[in-house]
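Working notes for the structure below.
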Amino acid sequence: MNVLAHQTSRRGFLQLTGAMGLAATLAATVSGCASRDNTTGTSQGPAGPLAKDGTLTAAISYELGTNGYDPMSTSAALTIAANWHTMEGLTEIDPATRKTYPALARELPTATGTSVDIALRDGATFHDGSPVTADDVVFSFERVQDPANKSLYAQFIPFVDKVVKKDDRTVTLTLKHPTAVLAARLSVVKIVPKVAAADKKSFDAMPVGSGPYRMTDNGASSKQIVFERFDKYTGPRPARAKTMKWQIIPDAATRTNAIQSKSVQVVDSVPYLSVDQLKASSKVESVQGFGLLFAMFNHSSGNPFATKENRQGFLTAIDMDKVVKTALLGQATPATSFLQEGHPDYQRAKTVYTFDAAKAKDIFAKTGLKKIRMLCTDHDWVKKCTPIIAESLKSAGVDVDFVEKKSADVYNTIDGKPEAYDVVLAPGDPSVFGNDPDLLLRWWYAGDTWTEQRMHWKGQPSYTKVQELLQEALTATDTAAQKKTWGELFDLLSDELPLYPLFHRKSPTAWDPTTLVDFAPIALTGLSFVNVGSTK
């Protein structure tokens, strides 16, 4: 499974499978933004002493993507999680705490003007033994920003005009305007060696980074990714184990057996039905994150959802409490805003949709809506939700013709084809790239792929207003003013509904607390062993 929604029109847009979470955070000041269920699970004692040359083992639910590990283009949950351990940007964001910290940069950069010098940390070395230089930093930014490379990461640094070498250990960033999200956003560009990256095919298969671990087996044939400690690492998050081994196990039952038999120490994406079962032998925790199920409406002329009242009626018709309780066993929270409650920038939206079948039925009677085509992805947990949603709509007087397809097929079906659908239900989680509202909002509401090719919303008055507010918030240097503008965006989107979350999911993880040192589950898709050790 891949991280985000498959974007067929450009290489860099993802196959969206589930609630991904993973992340970069808004600014250096932003800390944890995920809420957790109460601690549950085994009563076994805490882990013993750290083994200096220990091994970390895991079963991860996501398969390898089709475009490899290159951090300029990778979009799969598995490869992104692997790169957390092998790659570094000038800054990084801890996947568990969501705090931004200096990685290859000597200190967190700040910019009150439009130019900022960033010095590299002493002794930084790539896995091939070559030093990390200013030339490598310039090259890494240029390859992301080059339109010919169609890197999805370019959209996350629109404020960076250029990066130039000041001396061998320092670069100068020229900004189009100051921005409060600078430090966190720089984490999306991983710094790679110019020489090694020149061989694109080899680099995509086995990239060279400067992180605490280096990859020795990419899992393509073995179905197991193997990492070894990089002893020349000089950064703030050194490897605390000698070896990591990640088994690639998409099958939920097989992952469950792996943690129960203790053949691995951690499994991600615990099936909701297995949570209670695993508590007997493991620690299990569900972390609330941004990952969501969204409804994306077709705004093209002549479509029933070009009428705003029908979009509002759709959300009013859904018994979301029933969806969460029945389909997800309570492992989600109905949306009350674009952001999940608990996010540091959460503000309750002006319009919050609650189930009211009579009201929805009245709306549809007035607009004349009688039938819709609902296209849904076929993820296992999505398939549990869609029948309930369809039944709610039918109870409100709307006949629902709904079709399930694989994520990639959904977007192949609709991209550039306004006649192909009325509403799409699919999962998504761009918080794997960053957690500040600007990044999360831009993923869906700014780029042409979503707004023009999919929603057919671009050019409408609400689209224009959203772009104005996005730019206003991005250029704000006063955090109070920035937050106020984001609040205006949340209110506008809750009323207009071009695409909107139905709920935000929790991510359940199971692990062995007796053999893992300082492990913490994350709200994001994937696993993180940053700052984690093993007793064996």
Can you sort out the partners of P238 under side chain to side chain contact (heavy atoms under 4.5 Å, CB included), two or more places apart, ordered by chain and number? Y233
Answer yes when R240 and D518 have at least one side-chain N-carboxylate O distance shorter than 4.0 Å, and no when they do not. yes
Kindly state whether the ring of F230 and the ring of F126 have centres lying under 6.0 angstrom apart. no
Could you tell me whether the side chains of S534 and Q265 share a donor-acceptor contact shorter than 3.5 Å? yes
Apply side-chain contact (heavy atoms from CB on, under 4.5 Å) to the pair L499 and R454, showing each step before the final yes or no. CA-CA 10 Å; L499 173 153; R454 293 179 178 171; over 6 Å; no
Is the ring pair H85/F227 parallel, tilted or perpendicular, if the boundaries are 30 and 60 degrees? tilted
Going by distance alone, is a donor N or O of one side chain under 3.5 Å from an acceptor N or O of the other, for S269 and Y62? no
N-O pairing of D53 and R229 below 4.0 Å: yes
Distance only, no hydrogens: is a donor on one side chain within 3.5 Å (strictly under) of an acceptor on the other, for S130 and D128? yes
R442 to F156 six-membered ring, cation-pi geometry met (6.0 Å, 45°): no
Judged by modelled atom types alone, do S462 and W457 share a side-chain donor-acceptor pair under 3.5 Å? yes
Between Y411 and W450, is the gap from one ring center to the other below 6.0 Å? yes
Taking atom types as modelled, is there a side-chain donor on D117 or T170 under 3.5 Å from an acceptor on the other? no
Residues G68 and T74: closest non-hydrogen pair is O-OG1, 2.9 Å
No-hydrogen, no-angle side-chain donor-acceptor test under 3.5 Å, T216 and E228: no
Check the orientation of W511 and F519. Use parallel for under 30°, tilted for 30 to 60°, and perpendicular for over 60°. tilted
Do F290 and H343 have ring centroids that are under 6.0 Å from one another? no
Examine the side chains of T336 and E341 and answer whether a donor and an acceptor come within less than 3.5 Å of each other. yes
I need the minimum non-hydrogen distance between G89 and K190, along with the two atoms involved. N-CD, 3.9 Å
Looking only at side chains, do T133 and D168 share a donor and an acceptor under 3.5 Å apart? no
Is D70 salt-bridged to K201, going by a charged N under 4.0 Å from an acidic O? no
What orientation do F338 and W444 show, parallel under 30°, tilted 30 to 60°, or perpendicular over 60°? perpendicular
Should D438 and R185 count as an ion pair when the cut-off is N to O under 4.0 Å? yes
Would you say the ring centroid of F294 lies under 6.0 angstrom from that of Y500? no
Do the side-chain N and O atoms of R121 and T234 include a donor-acceptor pair separated by under 3.5 angstrom? yes
Between T174 and D161, is any side-chain donor less than 3.5 angstrom from a side-chain acceptor? no
Would you name the heavy atoms of M455 and Y445 that are closest together and state the gap between them? CE-CD2, 4.4 Å
S187 side chain to E92 side chain, donor-acceptor N/O pair below 3.5 angstrom: no
